[in-house]
Amino acid sequence: MRLTPIRLQPLHRMFQPVRGKPDFPSMEAEIGRFWREGAIYQKSLDRRRGGKRFVFFEGPPTANGMPHPGHCLTRTIKDLYPRYRTMRGEYCERKAGWDTHGLPVEVEVCKELGIHSKAEIEAYGVEPFIHKCQESVWRYMKEWEALTERIGFWIDLSDAYVTYHRSFVESVWWALATLFDKGLLYQGHKIVWWWAQGGTALSSGEVGQGYKEVADPSVYVAFPLLDDAGRPTDRAVVAWTTTPWTLPSNHFAAVRADLDYVVLRDSSPESTAHTEARGASREVAGRAIREYVVAEPLAAALVEKTKRPLEIVGRLKGSDLVGRSYLPPFDTFRPDGPPASAARRDGGSEPAAWRVVAADFVTTDSGTGIVHVAPAFGEVDYGVLVEEQARFAPGDGPALLNCVAPDGTFTDAFPIGAGRFVKDCDRDITRDIKGRGLLVHQEQYVHDYPFCWRAENDPLIQYPRQSWFIRTSRFRDAMLANNAAIDWLPDHIKEGRFGNFLETNVDWALSRERYWGTPLPIWVCESTGKQEAVPSYAALLAKPGIAGTDVFEKAKAANPALSDDLAVHKPYIDAVTYDSPFASNSRMRRVPEVIDCWFDSGAMPFAQWGWPHAGDAAFRSQFPADFISEAIDQTRGWFYSQLAISTLLFGDNVLEDRGVLEDRGRPYPHPFRTCIVLGHMLGEDGQKMSKSRRNYKEPKVIFDTYGADALRWYFLAGQPPWTSIRYNERAIRESVPEFLLRLWNVYSFFVIYARIDGFDPSGMLDVPGELAHADLAKARGWRPAGERGELDRWMLSELNATAAEMVERLDRYDHFGAAARLSSLVEAVSNWFVRRSRDRFWAAGRADGGPETNPEKLDAYWTLYETLLAIAKLAAPFVPFVTEEIWQNLAARAFGGSARAPESIHLTTYPTGEPSLVDRDLVRWMALVREVASLGRAARAAEKLKVRQPLSKVEVILANPADGDASWLEEHADLVCDELNVKGFEICREPDRYISRSIQADLKKLGPRLGKDLPKARDAIAKADAAAVLAQLARDGRATIDWAGGSATLEPEELIVRTTAKPGWAAAEGSQAVVVIAKELTPALVAEGLVREVVHVVQSMRKSLDLDFTDRIELGFETTSADLRAALEAHQAVVATETLATRAAFEPVASGIAETHDIDGHPLTITIKKVPATKSG
RNA sequence: GCGCGCGUAGCUCAGUUGGUUAGAGCGCUACCCUGAUAAGGUAGAGGUCCCAAGUUCGAAUCUUGGCGCGCGCACCA
């Protein structure tokens, strides 16, 4: 045991002692306070002002729901890159934002009020309802802000954009007005997914969230065909539907023209009788349907289902059916008598309804190959109607048939269901059809059907509605081109999920017939119906004859707390009217709709600044984003809304025309260049996280238990960010010791001994700078790496190589790879540098640069100090708290005088690695020696020769030594001997004693050259005399291998030489070497081993007696073993030194504590007693 | 139904243009250290790389088809 005398000297600013067992959560709280009070984030920006911009967009979260661990992932990634780029010298503003509009907010308020339908909202009053919505938006604001700060997400919350704020709304108005003026915003009559109870259409994204598996009735219905005179025949086409409620609005039957159809004849007698008995429909009365027409591929299935004697009696093409009239299942809209004809554009005429048409969408996947077309309730159905209308003279074509009211109930046009919700009428409708003999078959059909995502029991229906659309489909190719220039991570998003979505783009259903959202800024002339869009509130106020603004003013007067932002919201904005420019004495009135809140979020790249009404400079410098990141669900959400709006609005050259983006250099992408798409976080059970299932912990609990750094490291280092990760508390817990604690232990070790040895950089360095390599070089007592020992040069090599690799990875957004490199660097410091440097830290002398300084010791300190600081910087974007703590103690506080170091690690520059400090050979050799040590231990373990037992010799055979490997190892014999507790080390001169060499083909190299001959060559090489081939290679530089039918001349690098230990030796083999341990034990070695064992036992006793490591002891031994006694006597000095014993004799120590131990089979009683401290140190 | 992703050790996950002996952490077992010490280290055991067929000299890796899981999409009439 070596003892460093402790003498405390007057200190400059010694490092503060470090707790061995860190309390990360409370430490993080303190760091958080320090950042807040010191305005460190602001300072990190100020420091980089003028630097290259790194533009980040915050995708606005909704603050009316509680944040969960998934949000922590997003916020961690969003924090990492801006922090990293800032440390790299770039200027990265981070403006927060909140998504505040839309259905989720309205539904929350409805729940609170205990109401549901639009009528109830109207009854409650739109004005108070809107006020409730605005308040509700901030419900969980505190939790969100707390989470943001607690996880260390640096973003400017004080200047957040808010989608309901007037400036934001006005930006959106500008965007909408621009689109309107370009003809890209239009009002269309379309089929939308309609939430009848809520009285609004929903976006596809909203619809997608509400699919549930349900069993619906599925019916096969006969549509009797008419003859040329318009009379019903006994032949019918059979259509299939899972929505019987759409049958009263039937308009066409669609077939595919090129498809084969068959006629099935029903020969069962009861079919006729049955139908006649009911005599239901007027025209069918008295007639039996005997023949059913269905698609040929589906006929067999239908026969099977109906279990009726149906025979094929005829065949025809779909085209033969096209144009035939039929009787619809209900006469809701059909007058009696033969079908009326309408005039076609081409001069001819034919019935406008209840006719068989040809359509490509007809498939034979299911059903009958004949499709019931109800244009009011299906998008493709509606398409058929539009096409048909185009064939007829204007005004004479088919009108839309619809007997369903917007509230989802049948109108009086359909008496069977009048006043009732359509889906509740399926049974009655089916019964009626059956009664009239038109029901061919019915069954239950299980499928997914959409329900309202906020009112889970309300099924959605497709419904025709006058609605506002954005003509995105016209920009499909432009959006694809824009997308092609974006760097997606993972890259399959580009061509896969997102690309596919763009390929199938449909116009954006923008309007919502709701209350809390950005009002659609379109005013309509009450007499002409002409429309115009208003781009701002100011533009509105400037309109002639403006009126109605007083409504808001009065409300404000009555309630001064009313937010001015509400002036641009319903109901106040609805009251604002002005003189029509289209007709005299007419007023312009706003349309009632608000817009899809996804448009808000997609407009944030400019709307966050209020652009173009304000914030021109900010927008110019902050567009497009270099980096955004959200979870995968945003492909159809924010990723799309941003891309679509930007592509439509800023196209290829609009921004250039405005003088924005002059230096962009390429037209696309905008508005973001790189997007990391995060995987979803699942609950502990692998299911979606849900509050009701309680399969995750609240973020706060994680922070309080493990800390934010632990969670961050778990996210960043655990897996690539796009894999869906299972929330796993154990994994979070385990991420602490693996990295954080290991780093902390090294730091703690350093501080303990730096304090002992007086290592105080501030006493040796006048200008600390950022304490990087070049700064430290100015310190007194600092020696250049080239003058330091090998271990120091190795450490600095690893450090600088790692920094370079990390930067390379982070620059391509591979934080997972960077974290792996960082982790192995910390492992190297902890398990090799510190361990191998202990002797130096414990050696005599000081490390304060004074007269007693031990230069090697000082080198060790400088090296570890530099390494720790650099690691802290490298790790700072990942784990900002613990690295700050380290920086505070080692740098900020240590240099707290007139010459200051940066006050926060986040104000320093990221290390990029200094190539001149990297010695590649040294790195390789150190890895080799570590492997030799590891193999030696493995060899010992296999022979049960514990490391405490010294052995005489270790021999190493290198498998494929490169130049200098062997001599380097020989020069480091002491190191190997020390690691393995052996007396001698040598590179084996007679390797053939211990090992045999075999050769193998290097398939990767030979494969491309030999192709099909490879197996023969491989076998020939394996069978060849390895020694002979190797000898030939050594002599000629090449060797020839023959096999039946061929031969090849091989270069040395085309062979792999494998070295295998021969049996009978204590050996272990690895990829680089075979290590052989001499297992023979001489009496002297055994004696040494016994002594080591005794020392070990004494040390354990010291520890169990809780002695301080400087306490001296007295030792007494008693043993009946002559061997043990002899060994102890021979090595008495060693025992005394190692255990800090002032005396070690073969007699009990008076009033000592005695323990009896078994020392490798030899009994030994040890008495131990602490010597009073006066004598020591 | 269509599309995207995933399936590797008991658990959580890596695996970089196809290449010979598939890795890490945790857990487990054994051992070491005892001056980072309620820490730390070393070693070991543990795998039909979901299944099948194909391409290839060679497949965890590429192709196709299954199966399972997750997510997304909707012309589910």
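A note on names: the letters A, B, ... follow the listed sequences, proteins ahead of strands, and every chain is numbered from 1. All figures in this text were calculated on a predicted structure; none of them were measured in a lab.
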Length of the line joining A/Leu825:CG and B/A24:P, which is rounded to integer Å
19 Å
Between the side chain of A/Asp381 and the main-chain N/O of A/Gly383, is any donor-acceptor distance below 3.5 Å?
no
Mark yes or no for a side-chain to base donor-acceptor pair under 3.5 Å between A/Ser748 and B/A39, with no hydrogen or angle criteria applied.
no
Please figure out whether A/Pro720 or A/Thr243 has its closest RNA chain B nucleotide nearer the 5' end.
A/Pro720
A/Glu979 with A/Arg930: basic N within carboxylate O range, under 4.0 Å:
no
To the nearest Å, give me how far apart CG (A/Leu502) and C1' (B/C73) are.
13 Å
Rounding to the closest angstrom, what is the interatomic distance between B/G68 and B/A52 at atom C1'?
15 Å
Can you measure A/Asp757 atom CG to B/A36 atom P for me and round it to whole angstrom units?
13 Å
When rounded to whole Å, the CZ to P distance for the pair A/Arg930 and B/U42 reads 8 Å
In terms of the nearest nucleotide of RNA chain B, which residue is placed more toward the 5' end: A/Thr368 or A/Val834?
A/Val834
Closest to the A/Glu827 side chain, choosing from B/G72, B/C32, B/U42
B/U42
When the C1' atoms of B/U29 and B/C67 are considered, how many whole Å apart are they?
36 Å
Rounded to whole Å, how long is the line connecting atom CZ of A/Phe841 with atom C1' of B/A36?
11 Å
For B/A9 and B/A24, measure between their C1' atoms and round to the nearest Å.
11 Å
Using atom CZ of A/Arg937 as one end and atom C1' of B/G44 as the other, report the distance to the nearest whole Å.
14 Å
Find the partner of B/C49: check Watson-Crick (N1-N3 plus N6-O4 or O6-N4) and G-U wobble (N1-O2, O6-N3) distances, both under 3.5 Å, and reply none if neither fits.
none
For atom CD of A/Gln719 and atom C1' of B/G25, their distance in whole Å:
12 Å
Say we look at B/A39 and B/C28: how far apart would their P atoms be, to the nearest angstrom?
14 Å
Which of parallel (below 30°), tilted (30 to 60°) and perpendicular (above 60°) describes A/Tyr220 and A/Trp240?
tilted
Are the aromatic ring centres of A/Phe501 and A/Tyr640 under 6.0 angstrom apart?
yes
Using a cut-off of less than 4.0 Å, is there contact between a side-chain N or O of A/Arg742 and OP1 or OP2 of B/A39?
no
Can you check the A/Trp744 CH2 to B/U37 P distance for me, whole Å?
13 Å
If I pick the P atom on B/U12 and the same atom on B/G18, what distance separates them, to the nearest angstrom?
29 Å
Candidates B/U42, B/G3, B/C76 - which lies nearest the side chain of A/Asn500
B/G3
Side-chain-base donor-acceptor pair under 3.5 Å for A/Arg838 and B/A36
yes
Pairing partner (Watson-Crick or G-U wobble, both distances under 3.5 angstrom) of B/G44
B/C28
Looking at B/C71, does its base get a donor-acceptor pair with the side chain of A/Arg497 below 3.5 Å?
yes
Write down the partner of B/G54 under the Watson-Crick or G-U wobble criteria, each distance required to be under 3.5 Å.
B/C62
Would you mind telling me which of B/C73, B/G41, B/A43 lies closest to the side-chain atoms of A/Ala938?
B/A43
Taking 4.0 Å as the cut-off, does a side-chain nitrogen or oxygen of A/Tyr753 come that near to OP1 or OP2 on B/A36?
yes
Which whole number of Å gives the distance between the P atom of B/U61 and that of B/C49?
10 Å
For A/Phe15 together with A/Phe750, are the ring centres under 6.0 Å from each other?
yes
By the Watson-Crick or G-U definition, both distances under 3.5 Å, B/A9 is matched with none
Please name the nucleotide paired to B/G3 by Watson-Crick or G-U wobble geometry with both distances under 3.5 Å, or report none.
B/C71
Between B/U34 and B/G46, how far is it from one P atom to the other, in whole Å?
32 Å
Indicate, with a heavy-atom threshold strictly under 4.0 Å, whether A/Phe816 touches base, sugar-phosphate, or nothing.
sugar-phosphate
For the residue pair A/Trp488 and A/Phe498, does the interplanar ring angle fall in the parallel (under 30°), tilted (30 to 60°) or perpendicular (over 60°) class?
tilted
Partner lookup for B/C76, please. Criteria are Watson-Crick or G-U wobble with both distances under 3.5 angstrom; report none if nothing qualifies.
none
Would you classify A/Gly378 as touching base, sugar-phosphate or nothing, given that sugar-phosphate means primed atoms plus P, OP1 and OP2, and contacts are heavy atoms under 4.0 Å?
nothing
Say we look at B/C13 and B/G47: how far apart would their C1' atoms be, to the nearest angstrom?
15 Å
Aromatic ring pairing A/Phe377/A/Tyr463, orientation class (parallel under 30°, perpendicular over 60°, tilted between):
tilted
Can any side-chain N or O of A/Arg809 pair as donor or acceptor with the backbone N or O of A/Phe816 at less than 3.5 Å?
no
Looking only at the side chain of A/Asn745 (C-beta and beyond, no hydrogens), which of the listed nucleotides B/A39, B/C13, B/C4 gets closest?
B/A39
The nucleotide from B/G35, B/U37, B/A14 with an atom nearest the side chain of A/Leu1140 is B/G35
Taking only side-chain nitrogens and oxygens of A/Ser830, does any of them come within less than 4.0 Å of OP1 or OP2 of B/A36?
no
Applying a 3.5 Å limit to both distances, which nucleotide forms a Watson-Crick or G-U wobble pair with B/U16?
none
Determine the contact category for A/Asp633: base if any of its heavy atoms lies under 4.0 Å from a base atom, sugar-phosphate if only primed atoms, P, OP1 or OP2 are that close, otherwise nothing.
nothing
